[in-house]
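The structure under discussion appears below in the form of structure tokens.
Per chain, numbering begins at 1; letters A, B, ... match sequence-line order. Everything quoted here is computed from the prediction, not taken from an experiment.
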Amino acid sequence: MDIDVRKVAELARIRLTDKEADALGPQLNNILGYVDSLQQLDTSGIEPTAHPHDAAMPLRADAVTNTNRRDELQASAPKVEAGLYVVPKVIE
Amino acid sequence: MPFSSIDDLKQRLDAGETSAEELAGLYLDRIEKHNASLNAFVHVGFEQIMAQARASDSYRAKHEARPLEGVPIAIKDIFCSTESPTTCGSRILEGFTPAYDAHVITQLRKAGAVLLGKTNMDEFAMGSSNETSAYGPCRNPWDTDRIPGGSSGGSASAVAAGLAPAALGTDTGGSIRQPAAVTGIVGMKPTYGRVSRRGIIAFASSLDQAGPMTRTVKDTALIASIISGHDAGDATSVADAPSVDWLGACDKRNMKGLKIGRPEEYFIDGMDAEVRQKVEAALKQCEEMGAEIIDISLPHTEYAVAAYYVIAPSEASANLARYDGVRYGRRCEDPKDLADMYTRSRDEGFGDEVKRRILTGAFALSSGYYDAYYRKAQQVRTLIRQDFLNAFGQVDVIATPTSPVPAFKIGEKTDDPITMYLSDVFTIAVNLAGLPGLSQPCGFANALPVGLQWIAPAWREDIILSAASAYESATDWHAQHPKAYGGAGA
């Protein structure tokens, strides 16, 4: 099977230059060819493992535990204004 | 002193023979002198490190010393910490200084440790050679033309060259154990859920675990005792995990009557003959010390790498979606719209290997392929877990080579991702099964270190520490350090 690297890159929101796409296409096909060895195993009736320990997700009390640290957290942002994250216009 | 164990340094500090300030100065001098040839450290704040050391000395003057009082510990560039940039070896996090500490960093600070700078790593921990780092490759102090392993290559190189007494690493598919093996140090990946992942930049959330990289088994136990334990801030940190007497396990040093499983799938054609011979010799020595070596089979081993390279990239593609150029990290210049900002920021910020993995994962999770790839790999993961459960019905612990080959040359495997992925063929199954694993030095192949890997049932790090301590006490592989960096040589 041939992977459509452009389509997958769009799903992952990564721009690829033509040169990158040309190099990545065959590499991804090789990787998928390698992992296709999994198809040799009969796994019918086997439960999938999502997580090493079968523990239920713990719950905590629905209470605010964080203090307001907006300024410190936004210090790392590329562009903020009046406590808001600034991004290019989304709706015309 | 640069090659002293933590245990040793603690005794000298306690006896007043040295101070935290002197130790920090010693290692910073060595970093200044040797980092150019190794590229082990990527962020070192000399002044703030000396300030931490002086604060530790003042604490000691007024209070009883804490368990790691004044001990410098190098930190992989994946752990968020407020005193230093944290960039995960990636351009996309260039200049990022976190607003909070990872839980394990808080634990180290509370124990009195001095955080000795951030170490080089494969970008987002994706690699087995430290060659995918945005800061360039890190080098192996035993031969600087060779890789130090990865992804915790900088931590391994720093400890092996005596630029730090110990370091923290993370291990998703072998990233602590494989670099420890190829640089001749001790490294342990604890049971999944033993150590909090909060504040550790996520790669594959069901596999990632932090652990110590040290000169001795006891030092590994000491650091594990500090960083392990439940953290309510990480939903995968296990609250009722059976506890371990970390240092007591080392003191027991028991090899007598220990049933050691030797899995046939880990001693195969295609692995380095000398590596195989050293590991066989180590097992023979364990037998002479009173252990029983039992041949076992882990029949699904050959599928572990394939299952991993579906599961880990899938989780990574979800985790790395957060790098969108909005809240932190790199944003491209003059984006023309939102989509352009996302796609161009990510193209510019991520390196080739990270892109390969994100795209592999995005494909495996995409509509129409999910069952054939992601679900299938999770089912195989069940079979791999089951293999270990069956084996531990017969044996107490499993011993294998950590890496099929010693350190390879820089550039040797960069052209072929699959060949690189197979570097972790002996470490990956342990992460899939969530088990603890430790690598310790067991000899040299062509003057390059060889690692012996111990694998125990979940939560039984004590069995590993006891066996590894017994082996260490009967050998002196751990006491050999690279001559080029002032060590006694091999």
Side-chain angles (χ1 to χ4, degrees), chain A residues 1 3-5 7-17 20 23-25 27-28 30-53 55 57-60 65 69 71-80 85-92, chain B residues 96-99 192-193 206 232 235-236 238-239 300 302-303 306-307 309-310 317 321 324-331 335-344 346-347 350 352 355-356 358-360 362-363 366 372-373 375-383 385 417-418 421 432-434 458:
Chain A
M1 180 194 42
I3 180 170
D4 181 350
V5 64
K7 181 167 173 255
V8 180
E10 197 186 317
L11 290 174
R13 296 288 184 273
I14 297 178
R15 181 194 69 168
L16 293 182
T17 60
E20 281 180 310
L24 278 165
Q27 287 172 348
L28 290 185
N30 280 346
I31 293 167
L32 289 174
Y34 177 76
V35 304
D36 264 339
S37 67
L38 297 176
Q39 310 306 331
Q40 296 162 15
L41 280 173
D42 179 8
T43 52
S44 48
I46 307 284
E47 282 296 313
T49 295
H51 201 271
H53 310 304
M57 193 59 89
L59 299 174
R60 65 168 176 81
T65 53
R69 301 182 62 203
D71 291 347
E72 288 157 85
L73 291 164
Q74 287 194 326
S76 314
K79 204 169 178 188
V80 287
Y85 294 102
V86 180
V87 297
K89 201 179 205 179
V90 181
I91 301 165
E92 293 299 328
Chain B
F96 175 66
T97 298
Y192 183 86
S206 80
T236 63
V238 175
H300 296 94
E302 66 173 297
Y303 300 100
Y309 278 97
V310 174
S317 76
D324 56 6
V326 176
R327 289 152 300 162
Y328 38 71
R330 187 188 186 97
R331 177 185 292 193
K336 66 176 170 30
D337 56 30
L338 196 62
D340 182 47
M341 184 185 80
Y342 292 151
T343 59
R344 206 144 52 82
R346 288 162 68 77
D347 177 31
F350 292 137
D352 290 344
K355 285 177 189 162
R356 268 196 289 276
I358 291 175
L359 296 179
T360 305
F363 175 78
S366 64
Y373 288 96
R375 190 182 152 83
K376 183 83 184 179
Q378 287 189 317
Q379 287 175 312
V380 174
R381 187 173 184 181
T382 304
L383 296 173
R385 276 175 72 199
I418 305 277
Y421 295 174
L432 291 170

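To the nearest 0.5 Å, atom CD of residue B/Glu302 and atom CG of residue A/Leu41 are 7.5 Å apart. Interatomic distance, A/Arg15 CZ to B/Met341 CE, rounded to the nearest 0.5 Å: 14.5 Å. Taking OH from B/Tyr373 and CG from A/Asp36, the interatomic distance works out to 4.0 Å, rounded to the nearest 0.5 Å. Once rounded to the nearest 0.5 Å, the distance linking CG of B/Leu383 with CG of A/Asp42 reads 9.5 Å. Taking CG of A/Asn30 as the reference point, atom CD1 of B/Ile418 lies at 6.0 Å (rounded to 0.5 Å).
Looking at B/Arg346, its side chain does come within 3.5 Å of a backbone N or O of A/Ala12 through a donor-acceptor pair. Checked by atom type and distance alone, the side chain of A/Ser76 never pairs as donor or acceptor with a backbone atom of B/Phe96 at under 3.5 Å. The backbone N or O of B/Ala99 lies less than 3.5 Å from a partner atom in the side chain of A/Arg69, making a donor-acceptor pair.
Neither the backbone nor the side chain of A/Gln74 comes within less than 4.5 Å of any heavy atom of chain B. Neither the backbone nor the side chain of B/Ser317 comes within contact range of chain A; no heavy atoms are under 4.5 Å apart. For B/Ala235, the parts lying under 4.5 angstrom from a heavy atom of chain A are both the backbone and the side chain. For a residue to count as touching a neighbouring chain, one of its non-hydrogen atoms must lie under 4.5 Å from one of that chain's; by this rule A/Leu38 touches chain B with backbone and side chain alike. When heavy atoms are compared at a cutoff of 4.5 Å, B/Arg385 approaches chain A solely by way of its side chain, counted from C-beta outward. With a 4.5 angstrom heavy-atom cutoff, A/Ile31 touches chain B via backbone and side-chain atoms both. Contact annotation for B/Tyr303: both backbone and side-chain heavy atoms come within less than 4.5 Å of a heavy atom of chain A. When heavy atoms are compared at a cutoff of 4.5 Å, A/Tyr85 approaches chain B solely by way of its side chain, counted from C-beta outward. In this structure, chain A has heavy atoms under 4.5 Å from both the backbone and the side chain of B/Ala377. Contacts of A/Gln39 with chain B are made by both backbone and side-chain atoms, with heavy-atom separations under 4.5 Å. With a threshold of 4.5 angstrom between heavy atoms, A/Val80 does not approach chain B through any atom at all.
For the set B/Ala306, B/Pro98, B/Ala232, the count of heavy-atom pairs under 4.5 angstrom toward chain A peaks at B/Ala306. The residue among B/Ala433, B/Ser366, B/Ala307 with the most heavy atom pairs within less than 4.5 Å of chain A is B/Ala307. Top candidate by heavy-atom pairs under 4.5 Å with chain B, chosen from A/Lys7, A/Gln40, A/Glu20, is A/Glu20. For the set B/Val380, B/Thr97, B/Asp340, B/Asp324, the count of heavy-atom pairs under 4.5 angstrom toward chain A peaks at B/Val380. If you tally non-hydrogen atom pairs under 4.5 Å between each of B/Asp352, B/Asp337, B/Thr236, B/Leu359 and chain A, the highest count goes to B/Leu359.
The two residues A/Val86 and B/Arg331 make their nearest non-hydrogen contact at O-NH2, 2.8 Å. Summarising the geometry of B/Thr382 relative to A/Pro48, their closest heavy-atom pair is OG1-C, 3.5 Å, with the distance given to 0.1 Å. The heavy-atom pair separating A/Pro88 from B/Pro335 by the smallest distance is CG-CG, 3.8 Å. Contact between A/Ala50 and B/Gln378 at its shortest, heavy atoms only, is CA-NE2, 3.4 Å. For the pair A/Val90 and B/Leu338, the tightest heavy-atom approach, listed with the atom from each and the gap, is CG2-CD2, 3.7 Å.
Contact check for B/Gln379 versus A/Ser44: no side-chain heavy atoms found under the 4.5 Å cut-off.
With sequence neighbours left out, A/Arg13 forms a salt bridge (Lys or Arg N to Asp or Glu O under 4.0 Å) with no residue at all. Under the ring-ring contact (aromatic ring centres under 6.0 Å, His included) criterion, B/Tyr309 pairs with B/Tyr421, sequence neighbours left out.
Ring geometry, A/His53 versus B/Tyr192: the interplanar angle falls from 30° to 60°, so the pair is classed tilted.
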If you apply the rule side chain to side chain contact (heavy atoms under 4.5 Å, CB included), what do you find for B/Asp347 with A/Thr17, and how did you get there? CA-CA 9 Å; B/Asp347 177 31; A/Thr17 60; 4.3 Å; yes
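Here the rule is side chain to side chain contact (heavy atoms under 4.5 Å, CB included) with B/Thr360, and of A/Leu28, A/Ile3, A/Val35 only A/Leu28 fits it.
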